[in-house]
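Below is one structure, written out as C-alpha cells, with a few remarks after it.
No experiment lies behind these values; they were computed from the predicted model shown. Reminder, nothing fancy here: chain letters follow the sequence lines and each chain counts from 1.
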Amino acid sequence: SQQGEEDPQALSIQEGENATMNCSYKTSINNLQWYRQNSGRGLVHLILIRSNEREKHSGRLRVTLDTSKKSSSLLITASRAADTASYFCATVPTGGFKTIFGAGTRLFVKA
Amino acid sequence: EAQVTQNPRYLITVTGKKLTVTCSQNMNHEYMSWYRQDPGLGLRQIYYSMNVEVTDKGDVPEGYKVSRKEKRNFPLILESPSPNQTSLYFCASSPGREETQYFGPGTRLLVL
C-alpha cells in the first residue's frame, strides 16, 4: 500500500500565484523528500527535510514537516509556466529499506 | 557527468519473450532501485539493492528479477512478460537508502 498520499491530485493556477501541495504518510520516518517530474521523464530531486526540521526553504520552494500529523506540504511561490509538472513526496520508514512514493500532484500553471 | 542510464528507452515485445532492461550509474552509489509508474498510481518500487549481491523485494516484485553483480549495474529482468507489465520503468540510485535518489530517463515498455 502507498504510504505517501498527496493532495490535491491536480491543481491549476495562474502564473504568479502560489501553489501548495500536501503529502501524508503513515509510519515514522527520518526524512521526507519531494521530487518533480516533467511529463513522462525521470524524477528530479527538489528538497529533503529531516524529521527534526519543521521548515526548509530552497529558492521559491518552502517545505514544512509536521511529524505529529505525519504530513508535509510543498509551497511554490510566484509560480511560473515552467513549474508545470507532477510533484511527488517520498519516504523511507524508519528502520526500513523500501522507498514509498505517493501518487503525486499534477500542477498546471497557466501563462 | 554524473548520471543514471537505462536501455532501451522504448521497447515493444510480445507476451512470454524474455527481456532485460539495463541500468548503470557512474556515481559509485550503493543503493539502487527499480520502479514502475502507472497512471494514477505514482511510482511503485519493484526491487531495491543495498549493495553488490544484496537485493530485496519492493512492493510489486511479482514477475520481475534483478541482479547486482557489480556496483554500477542493476539490470531488471522480465522472464515471461505479460500485458499487465506494460508500464514506464525507472531506475534510480543514491548514496544510501534515505538519501537523494537520482533517476534514469525511463523505459517505456509495451507488452502485446
Side-chain angles (χ1 to χ4, degrees), chain A residues 1-10 21-53 56 58 61 63 65 85-106, chain B residues 2-7 9-10 21 23-25 27 29-51 54-61 66 68 87-110:
Chain A
S1 63
Q2 290 293 322
Q3 154 138 294
E5 295 183 4
E6 288 95 340
D7 93 277
Q9 290 187 335
M21 291 159 264
N22 303 297
C23 166
S24 61
Y25 57 93
K26 295 176 182 163
T27 68
S28 64
I29 59 173
N30 290 331
N31 67 51
L32 183 143
Q33 301 183 45
W34 283 92
Y35 289 82
R36 165 193 168 126
Q37 182 185 35
N38 288 88
S39 184
R41 305 183 73 169
L43 278 71
V44 175
H45 182 258
L46 293 176
I47 198 164
L48 180 153
I49 185 166
R50 302 195 184 281
S51 60
N52 60 354
E53 298 175 305
K56 198 164 184 180
S58 177
L61 305 181
V63 169
L65 179 64
S86 291
Y87 294 82
F88 298 89
C89 66
T91 58
V92 176
T94 301
F97 297 92
K98 296 181 188 178
T99 304
I100 302 172
F101 280 83
T105 293
R106 294 182 66 183
Chain B
Q3 60 182 348
V4 177
T5 58
Q6 293 178 230
N7 283 292
R9 296 289 312 281
Y10 304 91
V21 184
C23 172
S24 183
Q25 51 95 3
M27 295 169 278
H29 286 167
E30 292 192 346
Y31 188 87
M32 296 186 74
S33 282
W34 275 104
Y35 298 91
R36 62 177 288 173
Q37 184 175 29
D38 302 289
L41 295 177
L43 277 80
R44 293 180 292 169
Q45 194 172 38
I46 303 170
Y47 269 94
Y48 62 91
S49 170
M50 296 295 293
N51 213 325
V54 182
T55 64
D56 207 347
K57 298 176 182 177
D59 285 327
V60 288
V66 293
R68 187 94 180 270
S87 188
L88 177 58
Y89 291 87
F90 289 101
C91 179
S93 74
S94 65
R97 63 183 176 88
E98 292 183 321
E99 299 182 58
T100 299
Q101 294 193 47
Y102 297 82
F103 282 78
T107 295
R108 286 197 178 273
L109 172 65
L110 172 62

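Inspection of the Gln101(B) and Gln33(A) side chains reveals no N or O donor paired with an N or O acceptor under 3.5 Å.
Comparing Gln9(A), Arg106(A), Lys98(A) by how many heavy-atom pairs each has under 4.5 Å with chain B, the most go to Lys98(A). Contacts with chain A were tallied for Gln6(B), Glu99(B), Arg108(B); Glu99(B) has the most, counting heavy-atom pairs under 4.5 Å. Highest contact tally toward chain B, considering only Leu48(A), Asn30(A), Val44(A), is held by Asn30(A) [criterion: heavy-atom pairs under 4.5 Å]. No other option in Cys91(B), Gly58(B), Gly104(B) has as many heavy-atom pairs under 4.5 Å with chain A as Gly58(B).
Within the 4.5 angstrom heavy-atom criterion, only side-chain atoms of Gln37(A), from C-beta onward, approach chain B. Only the side chain of Tyr35(B) has a heavy atom closer than 4.5 Å to any heavy atom of chain A.
Aromatic ring pairs are classed by plane angle as parallel below 30°, tilted from 30° to 60° and perpendicular above 60°; the pair Phe103(B) and Tyr35(A) is perpendicular.
Between the CD1 atom of Ile100(A) and the CG atom of Asp59(B) there is a distance of 6.0 Å, given to the nearest 0.5 Å. Expressed to the nearest 0.5 Å, how far CD of Glu98(B) lies from OG of Ser51(A) amounts to 9.0 Å.
Under the 4.5 Å side-chain criterion, counting only non-hydrogen atoms from C-beta, Asp56(B) is not in contact with Phe97(A).
Nearest heavy-atom pair across Ala103(A) and Gly40(B) is CB-O, 3.8 Å.
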